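All of these numbers come straight from a predicted model, not from anything done at the bench. All heavy atoms count here, side chains included; hydrogens, waters and symmetry mates do not.
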Amino acid sequence: MIKTYTYKIKPNKKVEQKFNHWVGICRYVFNAAKEVKEVSYKHGLNLSSYDIQKQLTDAKKEHTFLKEVHSQTLQSVIDRLDNSFKKFFKGAGYPKWASKKRWKSIPFKSIKTTHNAFKLPSFGVVKVFKFKEPKGDLKTATIIKEADGLYLKIVVDEYNSKVKNRDSQSVVALDMGIKFFTVTSDGEFVENPKHLFKYLAKLRVKQRKLSRMKKGGKNWIKQVNTVQRLHLKVKRCRLDFLQKQSTLLSNNYETVIVEDLNIKGMSKNKRLSKHILDCGWGTFFSLLEYKTNVIKVSPRYSSQECSKCGHTCKENRPTQSLFECIKCGFIENADKNATLNLFQRGQSLMEANVNQ
């Protein structure tokens, strides 16, 4: 099992200065590799990440400052560029240039533990708060700069991790929403905490104050950090909620049936986009897939189909919360009825996979 440990790095001027210096070099390598890839592509050559990495040796002779950063770190930067182009050809956005605002991390392909600290290749020893030695094989590491300091994220392969023993090996279906974060086929309604909207008024005040300041000044920089910290707090509150909900479901159910939602398309709705993105459905689904078995089914007409007789029409849902079948008279909460339909679709898909 792949697991990620996150540690906050203890404040240290030398570490911060080295981080900023390395980030600048990584940005330079990313932008240079992007330029090389674009120029070569115009001339009919499609260079792979390996082709560009081989050019690092010659580049270090011309630009000696590249030798200060470990070769594997520079290779990881080029791999990141290559992955960006692969995603672009699959339909994602075109890779952007590495700017100071966007590039705030340094990747490492190897890491070692020392006494209550971690040793990174060519970077040195990094001390962290609440040191706890990771269990398993240490794979990769990344130093990330957040609004409240530097963090070290370590990816570990827990090859001896035990299979989770659940009290129940049952199946559940989830219907995602805005009023209720999720409704289960077992009849549980989980309220949407609306993390962003709890801090929205405070964010507006801070951002309004920021807009009135002279850009680039000391007070402006301080206010930017204040706004970033507030956004970071919202992000962490949301992630904590999603972690707890996904863990609760994975502990109680062997299989979770969810809707195969087009979140990107749904978020284009100007009236609901802020609500949809605040729910964090995409992250929630990713956490579920990491912790338990997940089956995705089509959500098409699940809110209009009767879970008893199968009759489907708009008139079956007279209000947002009420479902009343005009054919058989079945009455149920609209979200609960949708989960029953999703449950049936998931069961059919599971049976079809077994029969194959």
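- Remark: side-chain polar atoms of Ser302 are not paired, donor with acceptor, to backbone N or O of Ser298 under 3.5 angstrom.
- Side-chain heavy atoms closer than 4.5 Å link hydrophobic residues (I, L, V, M, F, W, Y) into clusters, and following such links, possibly through other members, connects Val258 to Ile178.
- Using a 4.5 Å heavy-atom threshold, the side chains of Tyr7 and Phe129 count as separate.
- When all heavy atoms of Phe343 and Val171 are compared, the closest pair comes out as CE1-O, 3.4 Å.
- Between Phe181 and Phe241, the ring planes lie perpendicular to each other; the angle is over 60°, past the 30° to 60° tilted range.
- Exactly one residue among Met266, Met176, Lys264 makes a side chain to side chain contact (heavy atoms under 4.5 Å, CB included) with Ile276. That residue is Met266.
- With hydrogens and angles ignored, the 3.5 Å screen pairs no side-chain donor or acceptor of Thr64 with any backbone N or O of Lys60.
- Between Val69 and the options Val77, Ile25, Ile106, Val23, a side chain to side chain contact (heavy atoms under 4.5 Å, CB included) holds for only Ile25.
- At least one side-chain heavy atom of Phe118 sits under 4.5 Å from a side-chain heavy atom of Ile154.
- Of all the heavy atoms in Cys237 and His195, the pair that sits closest is O-CE1, 3.6 Å.
- Across Gly346 and Ile257, no two heavy atoms sit closer than the pair CA-CD1, 3.6 Å.
- The shortest distance between side-chain heavy atoms of Lys206 and Leu230 falls below 4.5 Å.
- In the hydrophobic cluster analysis, where Ile, Leu, Val, Met, Phe, Trp and Tyr join through side-chain heavy atoms closer than 4.5 angstrom, Phe19 is grouped apart from Ile144.
- Asp278 and Lys274 are not joined by a salt bridge, as no carboxylate oxygen comes within less than 4.0 angstrom of a charged side-chain nitrogen.
- The hydrophobic cluster containing Tyr94 also contains Ile52, counting ILVMFWY residues as joined when their side-chain heavy atoms lie under 4.5 angstrom apart, directly or transitively.
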Any chance you could lay out the side-chain hydrogen bond (donor to acceptor under 3.5 Å, both in side chains) test for Tyr301 and Asn316, step after step, and finish with the verdict?
CA-CA 11 Å; Tyr301 301 121; Asn316 283 349; over 6 Å; no

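- Residues Asp82 and Lys86 are paired through a salt bridge, judged by an N-O separation under 4.0 Å between the basic side chain and the carboxylate.
- When all heavy atoms of Cys279 and Leu242 are compared, the pair lying nearest together is O-CD2, 3.7 Å.
- Using modelled atom types, no side-chain atom of Arg204 and backbone atom of Gln207 make a donor-acceptor pair closer than 3.5 Å.
- The existence of a salt bridge linking Arg236 and Asp148 is confirmed by a sub-4.0 Å separation between a basic side-chain nitrogen and an acidic carboxylate oxygen.
- Listed for the Lys119 side chain is no donor-acceptor partner under 3.5 Å among the backbone atoms of Thr114.
- Below 30°, between 30° and 60°, or above 60°: for Phe88 and Phe85 the angle between ring planes is above 60°, a perpendicular geometry.
- In this structure a side-chain-to-backbone donor-acceptor pair under 3.5 Å is missing from Asp335 to Val183.
- Met350 is connected to Leu342 through a chain of hydrophobic side-chain contacts under 4.5 Å among Ile, Leu, Val, Met, Phe, Trp and Tyr, so both are in one cluster.
- Under the 3.5 Å distance criterion, the side-chain polar atoms of Tyr5 are left unmatched by any main-chain donor or acceptor of Lys132.
- In this structure, CG in Leu56 is found 5.5 Å from CG in Leu74, a value given to the nearest 0.5 Å.
- Under the 30°/60° scheme for interplanar angles, the aromatic rings of Phe189 and Phe180 are found to stand perpendicular.
- Taking the six-membered ring for Trp and thresholds of 30 and 60 degrees, Phe197 and His275 have nearly parallel ring planes, at less than 30 degrees apart.
- Using modelled atom types, one side-chain atom of Asn192 and one backbone atom of Lys194 make a donor-acceptor pair closer than 3.5 Å.
- Going from atom CG of Leu340 over to atom CG of Asp175 covers 10.0 Å, rounded to the nearest 0.5 Å.
- The line from CZ of Arg345 to CD of Glu305 is 5.0 Å long, rounded to the nearest 0.5 Å.
- By the neighbour-count criterion of 12 heavy atoms within 6.0 Å, atom CZ of Phe65 is densely surrounded, having more than that number from other residues, nucleotides or ligands.
- Remark: the backbone N or O of Ala338 is not paired with any side-chain donor or acceptor of Asn341 at under 3.5 angstrom.
- A salt bridge links Lys34 and Glu38; the closest N-O separation between the charged side-chain nitrogens and carboxylate oxygens is under 4.0 Å.
- Taking the centre and axis of the six-membered ring of Phe123, the NZ or CZ atom of Lys18 falls inside the cone set by 45° and 6.0 Å.
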Under the side chain to side chain contact (heavy atoms under 4.5 Å, CB included) criterion, do Cys309 and Phe330 qualify, and how do the steps go?
CA-CA 9 Å; Cys309 67; Phe330 175 69; over 6 Å; no

Give the C-alpha distance, both sets of side-chain angles, the deciding distance and a yes or no for side chain to side chain contact (heavy atoms under 4.5 Å, CB included) between Trp220 and Arg212.
CA-CA 9 Å; Trp220 181 85; Arg212 294 170 180 169; over 6 Å; no

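- A donor-acceptor pair shorter than 3.5 Å cannot be found between the side chains of Asp79 and Tyr50.
- Residues Asn337 and Ser307 bring a donor and an acceptor atom of their side chains to less than 3.5 Å of each other.
- Here OG1 of Thr247 is found 8.0 Å from CG of Leu287. Values are rounded to the nearest 0.5 Å.
- Within the 4.5 Å cutoff, side-chain heavy atoms of Ile143 are placed close to those of Ile9.
- With a 4.5 Å cut-off on side-chain heavy atoms, Arg317 and Leu322 do not count as touching.
- For the pair Arg80 (side chain) and Pro107 (backbone), a donor-acceptor distance under 3.5 Å is absent.
- Under a hydrophobic clustering in which Ile, Leu, Val, Met, Phe, Trp and Tyr are joined whenever their side-chain heavy atoms come within less than 4.5 Å, directly or via other members, Leu272 and Phe284 fall into the same cluster.
- Side-chain contact, Arg229 with Asn225: a donor N or O sits under 3.5 Å from an acceptor N or O.
- Rounding to the nearest 0.5 Å places NE2 of His63 at 6.5 Å from CG of Leu66.
- Judged purely by atom type and a 3.5 angstrom limit, Glu315 has no side-chain atom pairing as donor or acceptor with the backbone of Ile326.
- Annotation: side chain of Leu47 is in contact with side chain of Gln55 (closest heavy-atom distance under 4.5 Å).
- Expressed to the nearest 0.5 Å, how far NZ of Lys153 lies from OG of Ser105 amounts to 10.0 Å.
- Glu259 places none of its side-chain heavy atoms less than 4.5 Å from the side chain of Lys296.
- Residues Tyr199 and His231 bring no donor and acceptor atom of their side chains to less than 3.5 Å of each other.
- Nearest approach of Asn31 to Ala98, heavy atoms of both residues: OD1-N, 2.8 Å.
- In this structure, Thr255 and Thr292 have side chains that are not in contact, with every pair of non-hydrogen atoms separated by 4.5 Å or more.
- Counting non-hydrogen atoms of other residues, nucleotides and ligands closer than 6.0 Å to NZ of Lys109 gives a total above 12.
- Shown here for His311 and Cys325, the closest heavy-atom pair between the two residues is CB-SG, 4.2 Å.
- Using a 3.5 Å distance cut-off with no hydrogens or angles, the side chains of Ser246 and Lys291 do pair a donor with an acceptor.
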